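Heavy-atom basis, side chains included; hydrogens, waters and symmetry copies ignored. All residue numbers refer to positions in the sequence shown, counting from 1. Worth saying up front: this structure is predicted, and the values here are computed from it rather than measured.
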Amino acid sequence: MAQSAGFCYGVKRAVETTKKIKLENTSKKVWVLGELIHNSQVIKELEGLGIQTVDELPENENGICIVRSHGMPPQKIKEMTDKGFEVVDLTCLDVKKVQQKAVQLAQENFLVLILGKPEHPEVVAIKANAQLYSDKVFVIPDLEVLKGLTDEIKSHNRVGIVIQTTQKLDFLQDVIRYLIPLSSELKVFNTICKSTSKRQQEAIELAKNSDLMIVVGSKKSANTTHLAEILSGITNTIHIETQDDLINYKDIIEKSQEIGITAGASTPENVIKNVINQIEKY
Ligand code: SF4
């Protein structure tokens with residue numbers, strides 16, 4: 001098993017602090033706007049403790065509202081305060097850094113490129129922060145979209161890049177390679193978080209010596225999906241959410257000699273343990 005499989009420090013902090021807040025404020029309602037982390041088992045566990053996950057801020061309610069680890073647009077945070085909620089900001093510090101770098105680029109009059117999926121909550125919040133200072137902010141999910149912006153990029157002297165914390169380094173490298181001939185001033189912040197780089201590196205090493213890699217974590221989680229994509233280029237790889245999914249891969253597991261296991265940053269330890277137990281049974 002990869003050493004750094006499972007919760008990263010940002011996720012651990014968000015989950016533990018949210019539980020602690022509820023314990024210390026039993027008489028108050030505690031809300032999380034959007035999923036605190038991308039893991040349905042954890043969201044259910046929080047619900048069981050009386051912590052409610054909602055898609056929209058509830059009307060005519062009160063209590064404590066948590067800003068999740070992915071961060072939130074400043075307008076949303078203001079709305080929470082305006083509606084009378086006490087706000088606790090649990091945005092991961094590494095995510096905050098990306099927001100700050102994007103704002104810096106916007107303030108310095110760079111065309112801002114945010115590498116990541118437009119619908120990812122972290123990207124939504126980074127973009128909203130940068131847009132407070134510039135309307136030249138673009139989200140780049142892939143090279144095709146980047147190529148579509150060639151004229152816009154050429155017309156701007158200064159181009160700045162940040163990348164969503166759990167993206168792949170290869171993507172950043174490809175984007176830089178494309179931009180170098182186009183722009184006279186290119187400023188790049190490699191904002192992939194250290195926890196993600198370490199997790200990816202360890203999993204790659206493990207995959208080199210395994211004939212099967214099992215990646216455990218939510219299909220909605222960007223870092224888990226990226227891990228599975230990276231590893232499938234090295235060895236046979238399957239991506240599962242819980243031990244129940246293993247039944248579909250029983251044959252391949254039984255035939256494999258060396259099985260490596262890793263898990264995304266939002267995968268709880270007990271989910272990983274259950275997977276290992278099930279594999280041992282096979
Ligand atoms: S993956 Fe990185 S950026 Fe995301 S919560 Fe964990 S430490 Fe923070």
Side-chain angles (χ1 to χ4, degrees), residues 1-15 37-39 68-71 90-102 104-105 112-117 120-127 139-143 146 160-180 186-210 213-235 237 239 260-269 271-272:
M1 181 160 122
Q3 261 184 2
S4 58
F7 277 11
C8 61
Y9 87 91
V11 163
K12 217 180 262 172
R13 170 177 166 263
V15 174
I37 61 167
H38 280 143
N39 186 280
R68 59 187 182 175
S69 52
H70 305 103
L90 294 182
T91 308
C92 174
L93 300 180
D94 278 299
V95 174
K96 280 245 187 251
K97 256 186 242 160
V98 194
Q99 293 178 355
Q100 285 157 2
K101 295 297 180 197
Q104 181 189 329
L105 289 170
V112 183
L113 302 181
I114 302 165
L115 311 191
K117 297 220 169 87
H120 193 285
E122 184 186 320
V123 174
V124 172
I126 297 166
K127 185 178 176 195
V139 176
I140 310 292
D142 53 47
L143 285 180
L146 180 70
I161 302 176
V162 293
I163 180 164
Q164 193 247 325
T165 52
T166 58
Q167 277 285 335
K168 293 183 285 187
L169 188 62
D170 282 2
F171 181 36
L172 177 60
Q173 287 167 332
D174 289 345
V175 168
I176 295 170
R177 219 170 285 131
Y178 184 76
L179 289 177
I180 284 176
L186 187 61
K187 196 167 195 170
V188 181
F189 290 111
N190 176 0
T191 45
I192 297 174
C193 82
K194 283 206 177 71
S195 158
T196 298
S197 319
K198 191 169 169 239
R199 182 187 313 271
Q200 289 179 355
Q201 211 40 56
E202 274 181 16
I204 288 168
E205 290 310 314
L206 193 57
K208 285 180 188 163
N209 298 310
S210 308
M213 281 300 291
I214 298 181
V215 181
V216 191
S218 167
K219 302 255 160 106
K220 277 197 268 175
S221 152
N223 79 84
T224 317
T225 316
H226 289 149
L227 263 181
E229 281 168 9
I230 294 168
L231 300 179
S232 58
I234 303 171
T235 189
T237 300
H239 177 180
I261 300 171
T262 186
S266 46
T267 311
E269 209 181 311
V271 174
I272 305 171

Please output the side-chain donor-acceptor pairs of residues 186-193 that fall under 3.5 Å, not counting sequence neighbours, one pair per line with the distance.
unit_1, atom_1, unit_2, atom_2, d
Lys187, NZ, Glu108, OE1, 3.1
Asn190, OD1, Ile192, N, 3.1
Thr191, OG1, Ile163, N, 2.8
Thr191, OG1, Ile163, O, 2.5

* Asked: Within the distance-only criterion (no hydrogens, no angle test), does the side chain of Thr235 pair as donor or acceptor with the backbone N or O of Ser210 below 3.5 angstrom?
  -> yes
Could you pull out the closest heavy-atom pair between [X] and [Y], with the gap in Å?
X	Y	result
Leu115	Phe171	CB-CE2, 3.7 Å
Cys92	Tyr9	SG-OH, 3.7 Å
Ala228	Val215	CA-CG2, 4.0 Å
Ser69	Ala14	CB-CB, 4.2 Å
Ile126	Ala102	CG2-CB, 3.7 Å
Gly6	Ile272	CA-CD1, 3.8 Å

Should [X] and [Y] count as side-chain neighbours, where that means a heavy-atom distance under 4.5 Å?
X	Y	answer
Asp94	Ser195	no
Arg68	Ile37	no
Leu113	Leu179	yes
Glu202	Leu206	no
Met213	Thr262	yes

Just jot down the salt bridge (Lys or Arg N to Asp or Glu O under 4.0 Å) partners of [X], sequence neighbours excluded, or say none.
X	value
Lys117	none
Asp174	Arg177
Lys220	Glu35

Test side-chain hydrogen bond (donor to acceptor under 3.5 Å, both in side chains) applied to [X] - qualifying residues, sequence neighbours left out:
X	value
Gln100	none
Thr166	Gln164
Lys219	none

Would you compute the distance between atom [atom1] of [X] and atom [atom2] of [Y] and round it to the nearest 0.5 angstrom?
X	Y	atom1	atom2	result
Met1	Ile214	CE	CD1	12.0 Å
Leu227	Thr237	CG	OG1	10.0 Å
Gln167	Ile140	CD	CD1	11.5 Å
Ser232	His239	OG	NE2	11.5 Å
Ile204	Leu231	CD1	CG	7.0 Å
Glu205	Ile234	CD	CD1	8.5 Å

Excluding sequence neighbours, so at least two apart, what forms side-chain contact (heavy atoms from CB on, under 4.5 Å) with [X]?
X	answer
Val124	Pro73
Thr91	Val67, Asp89, Val95, Lys96, Gln99
Glu269	Lys273
Glu229	Lys168, Thr225, His226

* Should we count CD of Gln173 as having more than 12 external heavy atoms under 6.0 Å? ->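 Check passes, neighbour count above 12.
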* Structure fact -> By ring-ring contact (aromatic ring centres under 6.0 Å, His included), His120 pairs with (sequence neighbours left out) His38, His70
